[in-house]
J.: 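Pasting in a structure now, in structure tokens, and then I'll have a few things to ask.
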Amino acid sequence: MTEAVAGRAPLAGVIMGSDSDLPVMQAAIDALDQFGVSREVRIISAHRTPEEMFAYASTAADRGLLVIIAGAGGAAHLPGMVASATSLPVIGVPVGITKLQGMDALLSIVQMPVGVPVATVGIDNARNAGLLAVRMLAIGDPALRTALDDLRSVTAAAVRSKDAATRSRFADGPG
Ligand code: RP5
């Protein structure tokens with residue numbers, strides 16, 4: 001699905017602490033676009049623009065958003081602080097931008113206190129964040145669920161193809 005998403009009220013918000021996160025976060029945007037999910041993209045920082053962050057999070061549901069993907073690196077407080085100010089599901093993306101290669105961001109995002117959940121994906125795995133958001137939206141959207149089923153079929157076919165090629169390559173060995 002590659003239908004245009006412009007002009008429709010966004011269902012997903014993709015936010016990140018800096019434009020330096022964008023090369024990683026682009027994969028989340030691409031996944032949403034692949035499934036025709038309307039989205040908005042913002043640079044919002046928990047540390048540098050905290051007022052904007054709280055305004056964004058606290059108004060997100062009323063503006064029609066259904067899910068928020070938040071990426072940040074280093075002392076990555078953006079996903080957790082956004083989750084503290086909204087009841088929408090928040091998916092956190094640890095961005096591996098520092099000398100700690102994302103372990104700092106991963107632990108900052110995943111170690112949330114009880115009561116304030118953030119669904120955390122792997123370091124730099126923004127595509128999974130996008131796909132998880134699509135799965136959440138598919139709960140109430142049968143067409144989206146069918147599209148996800150199709151993607152799983154394509155993914156399985158690719159693995160079966162690699163399996164066939166690998167079996168063929170090693171077919172002549174001993175045993
Ligand atoms: C974090 O600090 C951002 O999410 C980014 O990953 C990191 C570095 O930001 P810049 O100094 O590149 O703006 O808040």
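Given the structure is predicted, the values throughout are model-derived calculations rather than measurements. Counting starts at 1 for both ligands and their atoms, in listed order.
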J.: Looking at D33 and R39, does any basic side-chain N land under 4.0 Å from a carboxylate oxygen?
T.: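 Looking at D33 and R39, the cut-off is met.
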J.: Considering only non-hydrogen protein atoms, determine which one is nearest to atom 5 (C) of ligand 1 and report residue, atom name and distance to 0.1 Å.
T.: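 That would be D21 OD1, 3.3 Å.
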J.: Where the side chain of D124 meets the backbone of G96, is there a donor-acceptor pair that is under 3.5 Å apart?
T.: yes
J.: Salt bridge between R167 and D163, side-chain N to carboxylate O under 4.0 Å?
T.: yes
J.: To the nearest 0.1 Å, how far is atom 1 (C) of ligand 1 from its closest protein heavy atom, and which atom is that?
T.: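 In this structure, atom 1 (C) of ligand 1 has G73 O, 3.5 Å as its nearest protein heavy atom.
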J.: Is it the side chain, the backbone, both or neither of A72 that has a heavy atom closer than 4.0 Å to ligand 1?
T.: both
J.: Run down the list S45, S20, A70 and name the one with the heavy atom closest to atom 12 (O) of ligand 1.
T.: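 Answer by nearest heavy atom: S20.
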J.: Can you tell which part of R48 has a heavy atom less than 4.0 Å from ligand 1: side chain, backbone, both or neither?
T.: side chain
J.: Look at R42 together with E52 and state whether they make a salt bridge at an N to O cut-off of under 4.0 Å.
T.: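 Looking at E52 together with R42, the answer is no, because their closest N to O distance does not fall below 4.0 Å.
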J.: Should you measure from each heavy atom of I97, which atoms of ligand 1 turn up under 4.0 Å away?
T.: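 Every atom of ligand 1 under 4.0 Å from some heavy atom of I97: 6 (O).
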J.: With rounding to the nearest 0.5 angstrom, report the OG1 to CG distance, T86 to L65.
T.: 8.5 Å
